[in-house]
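Here the structure is laid out as structure tokens; the discussion comes afterwards.
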Number of protein chains: 2
Amino acid sequence: MAHDERLVARVLADARDLVRGEIAELVLRRRATGYGPLYDLVADYPLREGKGLRPAICLSAAIAAGGRTEQALGSATALELLHNGFLVHDDIEDASTFRRGRATLFADRGVPVAINVGDATNILSVGVLLENVSTVGVRKALLVLREFERMARESVEGQAIELDWIAAGTFDLEDRDYVRMVYKKTCWYTVIAPLRIGVICGSPPGEGRPTEDELLDLVALGFHAGVAFQITDDVLNLVADEGAYGKESAGDLWEGKRTVMLLHFLRTVGAADRERALRLLTVARPDKDAGEVAWLAAAMEREGSIDHGRALAQRYSRKALELESRVLGPSRDDDSADYRHFLREMLHYVIDRTL
Amino acid sequence: MAHDERLVARVLADARDLVRGEIAELVLRRRATGYGPLYDLVADYPLREGKGLRPAICLSAAIAAGGRTEQALGSATALELLHNGFLVHDDIEDASTFRRGRATLFADRGVPVAINVGDATNILSVGVLLENVSTVGVRKALLVLREFERMARESVEGQAIELDWIAAGTFDLEDRDYVRMVYKKTCWYTVIAPLRIGVICGSPPGEGRPTEDELLDLVALGFHAGVAFQITDDVLNLVADEGAYGKESAGDLWEGKRTVMLLHFLRTVGAADRERALRLLTVARPDKDAGEVAWLAAAMEREGSIDHGRALAQRYSRKALELESRVLGPSRDDDSADYRHFLREMLHYVIDRTL
């Protein structure tokens with residue numbers, strides 16, 4: 001559990017509520033002037049209960065940098081929209097049928113509609129970013145757009161790396177291959193960009209604020225925290241109960257997803273078990289045998305692959321914590337203290353989940 | 001044939017070459033720093049031979065407004081990229097297996113890769129638009145971004161309307177339903193936005209140039225020209241030979257696409273033939289009978305539905321021509337005369353194709 005669980009829960013809930021309100025209002029506006037049924041579908045994923053992690057990081061970073069919530073609210077909303085647009089497309093790409101307790105959009109409405117809704121969601125996020133001009137001025141609005149472009153580019157590159165592994169049936173991968181993929185696919189849009197965008201929106205006015213160095217430090221911090229976050233998510237997917245975690249148990253094994261744990265297992269296990277695992281992994285999901293999936297989960301545990309994942313996540317978490325005090329600056333006793341504290345607690349939250 | 005066929009061909013070819021050069025350079029740059037294999041696929045569609053219509057309209061509008069090619073080249077490149085990103089997604093949504101003489105991307109590489117490549121192409125276009133700041137300044141760069149957001153939004157709304165017709169099996173539609181869908185899905189990104197963005201980039205510096213009224217006139221002009229263009233395309237799809245037109249003959253009937261001709265036929269034909277047509281249209285493409293497709297094409301001709309389409313296209317073309325002299329201003333004897341002339345010829349080109 002996080003050291004200050006209540007603070008983390010409150011900041012997440014506040015950010016989620018604020019951003020959901022923005023999205024609901026935006027969808028109403030678009031419905032009024034555009035083709036309504038499209039926007040009902042655009043609103044579907046964002047209004048299902050998500051963690052609100054990205055908006056919370058963005059808003060907290062803005063306040064920790066000395067700014068106000070209003071300055072970063074548009075950007076936080078756009079982050080949440082883009083995240084959901086990606087999820088709609090990801091669910092098709094991964095053939096996922098289940099998202100936040102309900103059928104995925106493509107499973108419900110078909111692939112064509114889902115592709116178009118994902119595109120519409122991404123376009124909506126650009127619309128929100130263009131409105132930033134009135135809250136943070138032209139210069140920062142353009143800086144934030146650049147961050148979004150970079151973040152989205154890293155995400156599709158990370159996705160391309162993973163899709164190419166799948167298409168080629170590649171399983172001979174080192175931890176560093178995985179880490180590079182996750183740096184692009186997850187870290188940028190889950191941690192790095194929310195941090196950088198929050199700091200850009202919240203930092204005091206004036207050319208050159210924040211500095212290039214400050215923004216680079218946030219890449220390093222977000223990278224380490226993001227890798228820890230993703231590995232932890234993958235560990236939980238393997239070991240958590242269906243009920244407690246909200247996703248199906250060992251869904252990643254059914255999907256054949258390359259995780260550090262699976263890659264470790266395939267590198268270290270004997271030839272016979274390796275062959276048995278690969279036979280399972282390369283079979284299409286509906287044809288997979290539940291007994292074999294259970295065998296693989298247990299074999300990975302025995303082989304020390306789960307522990308390998310936990311240890312790697314902790315290594316990245318600790319490095320993130322080291323960076324954190326330098327990058328986010330010393331604690332101050334002002335209005336921003338809570339949000340600075342939240343950002344720290346988020347790192348602890350990631351670590352503690354791995355234990 | 002257009003009145004000045006050589007001019008049209010030259011302006012199209014010049015625009016195509018310029019933009020292809022930009023895209024090739026951009027892809028090289030992204031390859032150098034990002035995940036290379038993704039950008040090979042991003043370059044695939046843009047480097048297949050397209051008409052180059054959108055860049056040609058954009059560049060010509062910039063020069064007709066008194067500007068230079070360099071001021072609009074980034075925007076024209078972004079238009080072409082976004083067009084191709086949409087095509088990659090459209091091909092999945094329409095289950096099209098054939099594009100510019102080769103297999104569509106999803107048919108070749110699968111749906112997951114194609115969705116991601118479409119997203120990457122769209123993101124690349126945003127990157128190009130952000131570089132506009134250095135060529136047209138901050139104010140115009142933001143105006144152009146707003147145009148892109150509007151254009152993309154109209155496109156996905158038009159696509160949503162059409163996808164909803166397909167999902168619900170709706171064929172009871174009036175010309176005005178079709179026109180509204182095409183206004184959103186085709187006119188905005190094929191004519192309206194290229195015109196407006198070209199004029200924004202090429203107009204003399206100064207706040208409030210071009211004026212809101214000038215930009216609104218371009219919506220009317222682009223709407224009429226765009227509807228004429230799309231209906232003409234649909235007529236050619238029905239009547240052209242396979243070889244001459246470059247697409248399969250009557251592909252729209254195989255696809256069950258709602259065109260003004262088909263909708264007219266279903267509104268006017270007797271009950272028995274209507275039932276026979278609907279049976280064919282609601283059957284999945286691979287199960288369609290070639291004899292029935294040929295019957296429908298001939299019946300539509302007999303029923304006067306092709307003539308109805310031609311007449312409607314001509315009505316929109318003539319209205320566009322009326323608007324054109326008022327909106328684009330009188331001919332002047334300067335460097336921009338050729339490009340002004342090109343924009344006029346494009347309208348004639350659309351009309352003449354329908355005859």
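- For B:A167, no part lies near chain A; criterion is any non-hydrogen pair under 4.5 Å.
- By the 4.5 Å heavy-atom criterion applied to side chains, B:N122 and A:N122 are not counted as neighbours.
- With a threshold of 4.5 angstrom between heavy atoms, B:I115 approaches chain A through its backbone and through its side chain.
- With a 4.5 Å cut-off on side-chain heavy atoms, B:I92 and A:P112 do not count as touching.
- Atoms OG and CD1, from A:S155 and B:I123 in turn, are 7.0 Å apart once rounded to the nearest 0.5 Å.
- Using a 4.5 Å cut-off between heavy atoms, B:V133 touches chain A through its side chain atoms alone.
- In this structure, B:L142 CG and A:L142 CG are separated by 4.5 Å, a value rounded to the nearest 0.5 Å.
- Comparing B:L130, B:V138, B:V126 by how many heavy-atom pairs each has under 4.5 Å with chain A, the most go to B:L130.
- A search for ring pair (Phe, Tyr, Trp, His ring centres under 6.0 Å) contacts involving B:F86 returns B:Y189, not counting sequence neighbours.
- Both the backbone and the side chain of A:V113 come within contact range of chain B, judged by heavy atoms closer than 4.5 Å.
- Proximity to chain A is absent for every atom of B:F148, based on heavy atoms less than 4.5 angstrom apart.
- Of all heavy-atom pairs between B:V156 and A:A120, the closest is CG2-CB, 3.8 Å.
- In summary, A:E149 and B:R30 engage in a salt bridge, as defined by a charged side-chain N under 4.0 Å from a carboxylate O.
- Once rounded to the nearest 0.5 Å, the distance linking CZ of A:R153 with OG1 of B:T33 reads 6.5 Å.
- B:R109 CZ: 12 or fewer foreign heavy atoms inside a 6.0 Å radius.
- With a 4.5 Å cut-off on non-hydrogen atoms, B:R180 touches chain A through its side chain but not through its backbone.
- No side-chain donor-acceptor contact under 3.5 Å links A:N116 and B:H89.
- Listed for the B:E157 side chain is a donor-acceptor partner under 3.5 Å among the backbone atoms of A:Y35.
- Annotation: side chain of B:L38 is not in contact with side chain of A:D164 (no heavy-atom distance under 4.5 Å).
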